[in-house]
*Asks:* 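Starting off with a structure, shown below.
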Number of protein chains: 4
Amino acid sequence: MRADARRNRDRILAAAEEVFARHGASASTEEVAAIAGVAIGTVFRHFPTKQDLLAAIVKELLARLTAEVAELASADPATALFDFVERVVEQAAEKRAVVELLAADGVRVGVADPLRGLADALGVLLSRAQQAGAVRAEIRLDEVLALLTATAQGALHGGWSEDLRRRALAVVFAGMRP
Amino acid sequence: MRADARRNRDRILAAAEEVFARHGASASTEEVAAIAGVAIGTVFRHFPTKQDLLAAIVKELLARLTAEVAELASADPATALFDFVERVVEQAAEKRAVVELLAADGVRVGVADPLRGLADALGVLLSRAQQAGAVRAEIRLDEVLALLTATAQGALHGGWSEDLRRRALAVVFAGMRP
Amino acid sequence: MRADARRNRDRILAAAEEVFARHGASASTEEVAAIAGVAIGTVFRHFPTKQDLLAAIVKELLARLTAEVAELASADPATALFDFVERVVEQAAEKRAVVELLAADGVRVGVADPLRGLADALGVLLSRAQQAGAVRAEIRLDEVLALLTATAQGALHGGWSEDLRRRALAVVFAGMRP
Amino acid sequence: MRADARRNRDRILAAAEEVFARHGASASTEEVAAIAGVAIGTVFRHFPTKQDLLAAIVKELLARLTAEVAELASADPATALFDFVERVVEQAAEKRAVVELLAADGVRVGVADPLRGLADALGVLLSRAQQAGAVRAEIRLDEVLALLTATAQGALHGGWSEDLRRRALAVVFAGMRP
DNA sequence: AATGAATGAGGCTTCATTCAT
DNA sequence: TATGAATGAAGCCTCATTCAT
């Protein structure tokens, strides 16, 4: 791929992230193009379908999150999981569309694989937290994922204040502890 | 309002609830009209805007929920709150649009007042639960509301199984207990 | 259907016939709307798809042709078939899209039935011509149809002069006679 | 022109013939480029316009046909004309776009001259057939051309079976005989 | 001369809303 | 009041053509 193409691709992705974050997945492709400063055709050359564009930014975020999880693999097992969840929920507001899609259309948008990647990585954090006695043994990965996305969505759509977010998560974390 | 107009209004609301529950708030007004068995013009005569229609069904649901809470005022304080939350989350899947709107557009849609009504009623349940020693004292109403909507959304969009829903709520409830 | 709707439907069909006759089936629906003097949405209300619009004008022409054939059922058997073919080819130039679709997309456009109706009616003319000794016995209906559409297309696309058309058909007719 | 340019030009022409034969003149230039194994820019360098590309392949085919006619100049006068027509119609299906363009846009596409060349060559076959008594004297060249393109188009768009094609042409040939 | 990315007009279709009947 | 036809802005996408690399 040529340098200018790469640059445009990146600008489109950035614009899409911004636009979809503001208006949700129903925002128009034209607006993405406008903000990216390219013609509409350019967007469709890089992402032949609106779905493809959405999938691309979701994948990117998932990859970023998975990487963050990986970094935490060597952190304190007793806090790593909670730290990660906290961080994700904190950033949720920046990722309107991503959260929507993760929750609603994960499969349809075709990000099943990256999603599994993130889940696997999270699973490791969970196991370690349980072995460290920081999380009850009977709690399973799907509950963690479910509560993660639920609170992320809540924080996002509900416009939670920082304080509210902290207290809500505190409840959830307390519920996970022995 | 004439009797037939009243009847039409009700049929439209019922149809809207059904349609928006199935396809979310992006479902078309035309489909609502079709299912209500009226012409599209009639829908717009009763609800000059799609937003108005959405607000109406949200209000209706909020009123219903508030009534349910009121009934629980005389139930066992130690379980009433948990029972109510359980029930709401359980029904979330049936109210796609309502959950969406409550979470996302609550203000814009203009249901602030009915929402406050529900919150107040819930506040009573919370106080009683705390006095009964079933919920930690430092937990505040906004956290409960936040976790309520978050899990409702999660259950809705995430397509949680009954089992997963139960386990996720169990975590939250455990976090609320002393 | 209301009177104004009927009127619009007819105007759209007339406009479509004109537009598609001039520019072929690839002409734009917008142009049809413009010439019909209605908004684009009105075209799509009456014909939800461009294909539907095309199918409608093809069906209409087929019906017209079938009616013409029926009228000829009592005419001189020795000349009725030739007269009809002559007439169709003569009118071909006015029906660009129709001829295109008849020839190319008959099935896809969903006019199989009306087409069969015309074929059946033509079959009667052919039998009678053969019984009257005006057409060789071994000639079958599909050849007649094939030569009919071929010459109609030829006349249409080739821009045949009246004289050329007459001479070309004279050859074909001579080939059909005993 | 450099050798590689020449090679590219030929590959583009071959690809265009194939693509337009399959999908008609509305096939995309991009597909031509893909099959030719060159970039889209290269196609437009050689043929500044889609029309030019179409004209080029039509010209090529016409030249090929004219050459075939020339070869038949020394064949049996009584059958050469019929043989040629038969062959052209037979091949029609392989030349979707060519037939379309010959018939529809001959002039616009700017292939008047090569077309005249073919016509002249055909004229020779016709004269000889008439002198041999195989074709009626009053039949003129334009009728032959008209019937040739008409049946070619018919065979192409109508999807005639081999049998139908033979019978339809038999009728036409019978009509040309004394 | 080749490449392939960028452009942007134009096509089809949907749908909230208005308005004549 | 109800009906349902009409409106037209807006969305997604395609593709001939241009232009920087």
*Asks:* With sequence neighbours excluded, what pairs up with A:Ala5 under the side-chain contact (heavy atoms from CB on, under 4.5 Å) test?
*Replies:* A:Met1, A:Arg2, A:His46
*Asks:* Scan for salt bridge (Lys or Arg N to Asp or Glu O under 4.0 Å) pairs involving residues 26-52 of chain D, sequence neighbours excluded, and state none if there are none.
*Replies:* D:Arg22-D:Glu31
*Asks:* For residues 37-48 of chain D, which residues have at least one heavy atom under 4.0 Å from DNA chain E?
*Replies:* D:Val38, D:Ala39, D:Ile40, D:Gly41, D:Thr42, D:Arg45, D:His46
*Asks:* Do D:Leu62 and D:Lys59 come close enough that some side-chain heavy atom pair is under 4.5 Å?
*Replies:* no
*Asks:* Counting only side-chain N and O atoms of A:Thr29, is one of them less than 4.0 Å from OP1 or OP2 of F:dC12?
*Replies:* yes
*Asks:* On DNA chain F, check which nucleotide each of D:Ser28 and A:Arg2 is closest to and give me the residue with the more 5' one.
*Replies:* D:Ser28
*Asks:* Please, which pairs that meet salt bridge (Lys or Arg N to Asp or Glu O under 4.0 Å) have at least one residue in residues 33-44 of chain B, sequence neighbours excluded?
*Replies:* none
*Asks:* For the atom pair OG1 (C:Thr149) and CD (D:Gln153), what is the distance rounded to the nearest 0.5 Å?
*Replies:* 10.0 Å
*Asks:* Under 3.5 Å, sequence neighbours excluded: what are the donor-acceptor pairs made by side chains of residues 6-16 of chain D?
*Replies:*
residue, atom, partner, partner atom, Å
D:Arg11, NE, D:Ala36, O, 3.4
D:Arg11, NH2, D:Ala36, O, 3.3

*Asks:* Between atom CD in C:Glu30 and atom P in F:dT14, what is the gap in whole Å?
*Replies:* 18 Å
*Asks:* Under a 4.0 Å heavy-atom cut-off, which of residues 4-16 of chain B touch DNA chain F?
*Replies:* B:Ala5, B:Asn8
*Asks:* How far apart are the closest heavy atoms of A:Ile40 and A:Ala33, and which atoms are they?
*Replies:* CA-CB, 4.0 Å
*Asks:* So where does chain D start and stop touching DNA chain E, 5' to 3', when the test is distance under 4.0 Å to a non-hydrogen atom?
*Replies:* E:dA1 to E:dA5
*Asks:* First locate atom CD of C:Glu17, then atom CG of C:Leu54, and finally report the distance between them rounded to the nearest 0.5 Å.
*Replies:* 11.5 Å
*Asks:* Got a sec, which residues hit side-chain contact (heavy atoms from CB on, under 4.5 Å) with D:Ala39, two or more places apart in sequence or on another chain?
*Replies:* D:Thr42
*Asks:* Applying side-chain contact (heavy atoms from CB on, under 4.5 Å) to A:Thr49 and A:Phe44, what does each step give before you reach the verdict?
*Replies:* CA-CA 6 Å; A:Thr49 278; A:Phe44 280 93; 5.8 Å; no
*Asks:* Apply side-chain contact (heavy atoms from CB on, under 4.5 Å) to residues B:Leu61 and B:Ile57 and explain how you reach the verdict.
*Replies:* CA-CA 6 Å; B:Leu61 176 64; B:Ile57 70 179; over 6 Å; no
*Asks:* When you compare the side chain of C:Thr29 with that of C:Phe47, does any pair of heavy atoms fall below 4.5 Å?
*Replies:* no
*Asks:* According to the Watson-Crick and G-U wobble definition with distances under 3.5 Å, which dot-bracket string, read 5' to 3', encodes DNA chain F, using [ ] for crossing pairs and | for pairs with another strand?
*Replies:* .||||||||||||||||||||
